[in-house]
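These notes concern the structure reproduced below.
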Amino acid sequence: MSIKDMVVHVDGAEATRARAAFAIALAKAHDAHLVGIAFAPTALLPLYGPDVGFADMAEVMASVKTQSEAALKAFQERAELEGIKAEGRLVQCVSDEFPEDFAMCARNFDIVILGQPRDGDPLIGQYALVERCLFASGRPVIIVPAVPANSGLKTIVAAWDGSAEAARAFNDALIFMKPAMRVVLLVASSIAQASDTEIPTTDIVAHLRRHGVTAEVMQVNARDAEIGRILLTTCRELQADMIVMGAFHHSRLRQYILGGVTLTMLEQATTPLFLAH
């Protein structure tokens, strides 16, 4: 996989700065076309209800549009300073339609770059935006935390659980793993897991090697409910610049109700998170 174009979500939130900087650095490194998409609402009824006065709604919508336009302008100016020509697009729609519209647009790019759900514009369903991009775009998604991210990507931790989603993520992320100085294949096993059901790693390590990636295997044990936390702790100890993993390989409903490793990583990671479904 080569990267020729990418799309990043831009809004007026402070967290956009780190996300935009990461996207611009990535576009520069791969000589890729970069598009920033921002949201401007045409209606807020799904969020605010029918009792909100028209004047109040009009004022909120005008304010959001102004902020989005300013964010796109700042994004494009920053890209230009780095020698990258970035395109800015303002999508105007009903607030609860934006995640689907964004995901449909994302199908036309190699990679999608989003922020962590907790840091985004509350007018948009941030978790829905991530979920729609993962399930409806057909593209890998990079979640960039609000803290400044290192775009050098020297150390990459790839979380392996033997799932189809992890296999997809690994192949999609080969372009980042190949030039990395260190790739750690991190296998988190449940303490309650039987020894005869251990996750095999020999074949996936050989597969990566044939693609020019030398991966070292690291095993960690944890209780089911603690796997996400253990993964994050281990990644911090390894000073990972990116985490690669498959997303939502249980039912989405179950993950939302019980939490799940994917949501733990989405909400608490301090390192860019490369996800594929």
Side-chain angles (χ1 to χ4, degrees), residues 1 3-11 13 15-16 18-20 22-23 26-27 32-41 68 71-72 75 86-146 149 159 163-173 175-176 242-253 255-256 260-267 269 271-277:
M1 173 184 173
I3 301 176
K4 297 300 182 183
D5 45 34
M6 58 186 73
V7 60
V8 57
H9 176 227
V10 176
D11 60 22
T16 289
R19 188 188 325 147
F22 181 88
L26 202 59
H33 183 66
L34 181 60
V35 174
I37 294 181
F39 164 71
S68 294
L72 282 175
F75 162 72
E87 179 184 346
R89 299 181 187 177
L90 186 68
V91 173
Q92 301 187 69
C93 59
V94 177
S95 53
D96 68 343
E97 294 177 352
F98 179 72
E100 187 70 31
D101 290 348
F102 187 98
M104 289 179 65
C105 181
R107 295 171 185 171
N108 303 299
F109 299 88
D110 289 321
I111 287 182
V112 184
I113 300 174
L114 305 175
Q116 286 178 302
R118 66 183 182 188
D119 296 321
D121 184 344
L123 295 180
I124 302 168
Q126 294 292 329
Y127 288 92
L129 179 60
V130 173
E131 189 265 357
R132 282 292 78 204
C133 285
L134 284 169
F135 281 86
S137 74
R139 302 300 186 188
V141 176
I142 299 179
I143 305 294
V144 180
S163 67
E165 289 78 11
R168 170 73 180 273
F170 279 28
N171 263 38
D172 284 350
I175 193 167
F176 300 118
M242 174 180 278
I243 303 168
V244 176
M245 62 181 287
F248 295 111
H249 52 270
H250 294 105
S251 96
R252 283 172 285 169
L253 179 60
Q255 290 255 359
Y256 275 118
V261 175
T262 303
L263 289 181
T264 298
M265 302 295 284
L266 274 176
E267 293 174 347
T271 299
L273 190 62
F274 185 104
L275 299 173
H277 177 78

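Note that these values count all heavy atoms, side chains included, but never hydrogens, waters or copies made by symmetry. Not measured: the values here are computed from a predicted model.
- Between E267 and Y127 there is a side-chain heavy-atom pair separated by less than 4.5 Å.
- Distance NE2/H277 to OG1/T262: 10.0 Å, rounded to 0.5 Å.
- Under a 3.5 Å cut-off, the side chain of Q116 and the backbone N or O of L266 do form a donor-acceptor pair.
- For the residue pair L72 and R89, the shortest heavy atom distance occurs at CD1-O, 3.5 Å.
- Pairing each heavy atom of R19 with each of H9, the nearest pair is NH1-O, 2.5 Å.
- In this structure, CD1 in I143 is found 6.5 Å from CG in L134, a value given to the nearest 0.5 Å.
- Inter-residue side-chain proximity for T16 and F75 is flagged as unmet; no heavy-atom pair is nearer than 4.5 Å.
- Side-chain contact between M245 and V261: present, with at least one pair of heavy atoms (C-beta onward) separated by less than 4.5 Å.
- When all heavy atoms are compared, the tightest approach of G125 to P99 is O-CG, 4.0 Å.
- Interatomic distance, CZ of F109 versus CD1 of I3, reported as 13.5 Å (0.5 Å rounding).
- Not a single side-chain hydrogen bond (donor to acceptor under 3.5 Å, both in side chains) links D110 to another residue, sequence neighbours left out.
- The CG atom of L263 sits 10.5 Å away from the CD atom of E131 when rounded to the nearest 0.5 Å.
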(message) If you apply the rule side chain to side chain contact (heavy atoms under 4.5 Å, CB included), what do you find for R139 with V7, and how did you get there?
(response) CA-CA 11 Å; R139 302 300 186 188; V7 60; over 6 Å; no
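- A donor-acceptor contact shorter than 3.5 Å links the side chain of S68 to the backbone of F39.
- Put simply, the side chain of V144 reaches to within 4.5 Å of the side chain of I113, judged on heavy atoms.
- The minimum heavy-atom distance linking F274 with I111 is given by the pair CE1-CD1, 4.5 Å.
- Taking the side-chain hydrogen bond (donor to acceptor under 3.5 Å, both in side chains) definition, one finds that E97 meets it with nothing, sequence neighbours left out.
- Of all non-hydrogen atoms in P145 and A269, the two that sit nearest each other are CB-O, 3.7 Å.
- Summarising the geometry of V244 relative to A169, their closest heavy-atom pair is CG1-O, 3.8 Å, with the distance given to 0.1 Å.
- One finds the CG atom of D11 at 10.5 Å from the CG atom of L114 (value rounded to the nearest 0.5 Å).
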Side-chain donor-acceptor pairs of residues 101-108 under 3.5 Å, sequence neighbours excluded:
{"unit_1": "R107", "atom_1": "NE", "unit_2": "A136", "atom_2": "O", "d": "2.8"}
{"unit_1": "R107", "atom_1": "NH2", "unit_2": "A136", "atom_2": "O", "d": "3.1"}
{"unit_1": "N108", "atom_1": "ND2", "unit_2": "C105", "atom_2": "O", "d": "3.2"}

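- Looking only at side-chain heavy atoms (C-beta outward), M242 and I142 come within less than 4.5 Å of each other.
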